Amino acid sequence: YMKLKRGDLIRWVVDWGVYAISTGGEAYGRYPQYCHGIVIEVSHKDPDALVVFCYDCKNEGGYTILHSARDKFELLSEG
């Protein structure tokens, strides 16, 4: 379990370069494409929910909400 805090630099997968099929017929992504951002706020009610300023996302404004149950993020540097 990763306890994140304000100022941490994280990255998370937003898409895959290609999709492949396993021998069992399961689809899976290869060559992850990442967005990177700085944690702005960690929820007091749900510490798995974060507000992140994304500096290389394509969405307007640069802010996004992530949750560890849905978004698999990785700590790159502590703030």
Side-chain angles (χ1 to χ4, degrees):
Y1 177 75
M2 177 178 18
K3 183 171 172 64
L4 296 173
K5 63 187 182 311
R6 179 182 283 189
D8 287 346
L9 176 64
I10 62 173
R11 74 178 183 176
W12 61 99
V13 175
V14 293
D15 203 357
W16 298 95
V18 296
Y19 289 91
I21 303 293
S22 71
T23 55
E26 303 265 337
Y28 63 95
R30 296 201 51 187
Y31 311 111
Q33 297 175 356
Y34 296 99
C35 276
H36 300 81
I38 298 171
V39 176
I40 301 298
E41 193 68 47
V42 179
S43 171
H44 296 290
K45 282 188 167 184
D46 182 359
D48 292 329
L50 313 169
V51 176
V52 177
F53 179 78
C54 179
Y55 59 83
D56 59 358
C57 292
K58 294 180 172 106
N59 66 346
E60 297 297 320
Y63 290 94
T64 190
I65 297 173
L66 301 176
H67 194 280
S68 65
R70 180 189 68 230
D71 306 295
K72 304 303 178 208
F73 38 81
E74 171 185 359
L75 178 66
L76 297 178
S77 177
E78 292 186 18

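Only a predicted model underlies this, so the values are computations on that prediction, with no experimental measurement involved. We're numbering straight along the sequence, starting at 1.
For the residue pair Q33 and G17, the shortest heavy atom distance occurs at NE2-CA, 3.6 Å. Residues G37 and W12 share a closest heavy-atom pair of N-CZ3, 3.6 Å. When all heavy atoms are compared, the tightest approach of I38 to L9 is CG1-CD1, 4.3 Å.
Under a 4.5 Å side-chain heavy-atom cut-off, the cluster of Ile, Leu, Val, Met, Phe, Trp and Tyr residues that includes V18 is completed by Y31.
For CD1 of I65, the number of neighbouring non-hydrogen atoms (other residues, nucleotides, ligands) closer than 6.0 Å is 12 at most.
Annotation: side chain to side chain donor-acceptor pair (under 3.5 Å) contacts of D8 (sequence neighbours excluded): K5. Remark: C35 engages no residue in a disulfide bond (SG atoms under 2.5 Å apart) (not counting sequence neighbours). Annotation: ring pair (Phe, Tyr, Trp, His ring centres under 6.0 Å) contacts of Y34 (sequence neighbours excluded): none.
A side chain to side chain contact (heavy atoms under 4.5 Å, CB included) with F73 holds for exactly one of L50, V39, V13; it is L50.
Considering only heavy atoms from C-beta on, P32 comes within 4.5 Å of W16 through its side chain.
Applying the salt bridge (Lys or Arg N to Asp or Glu O under 4.0 Å) test to every pair with at least one member in residues 22-47, sequence neighbours left out, gives these pairs: R6-E41. Residue pairs meeting the salt bridge (Lys or Arg N to Asp or Glu O under 4.0 Å) criterion with at least one partner in residues 65-77, sequence neighbours excluded, are R11-E74.
The backbone N or O of H36 lies less than 3.5 Å from a partner atom in the side chain of D56, making a donor-acceptor pair.
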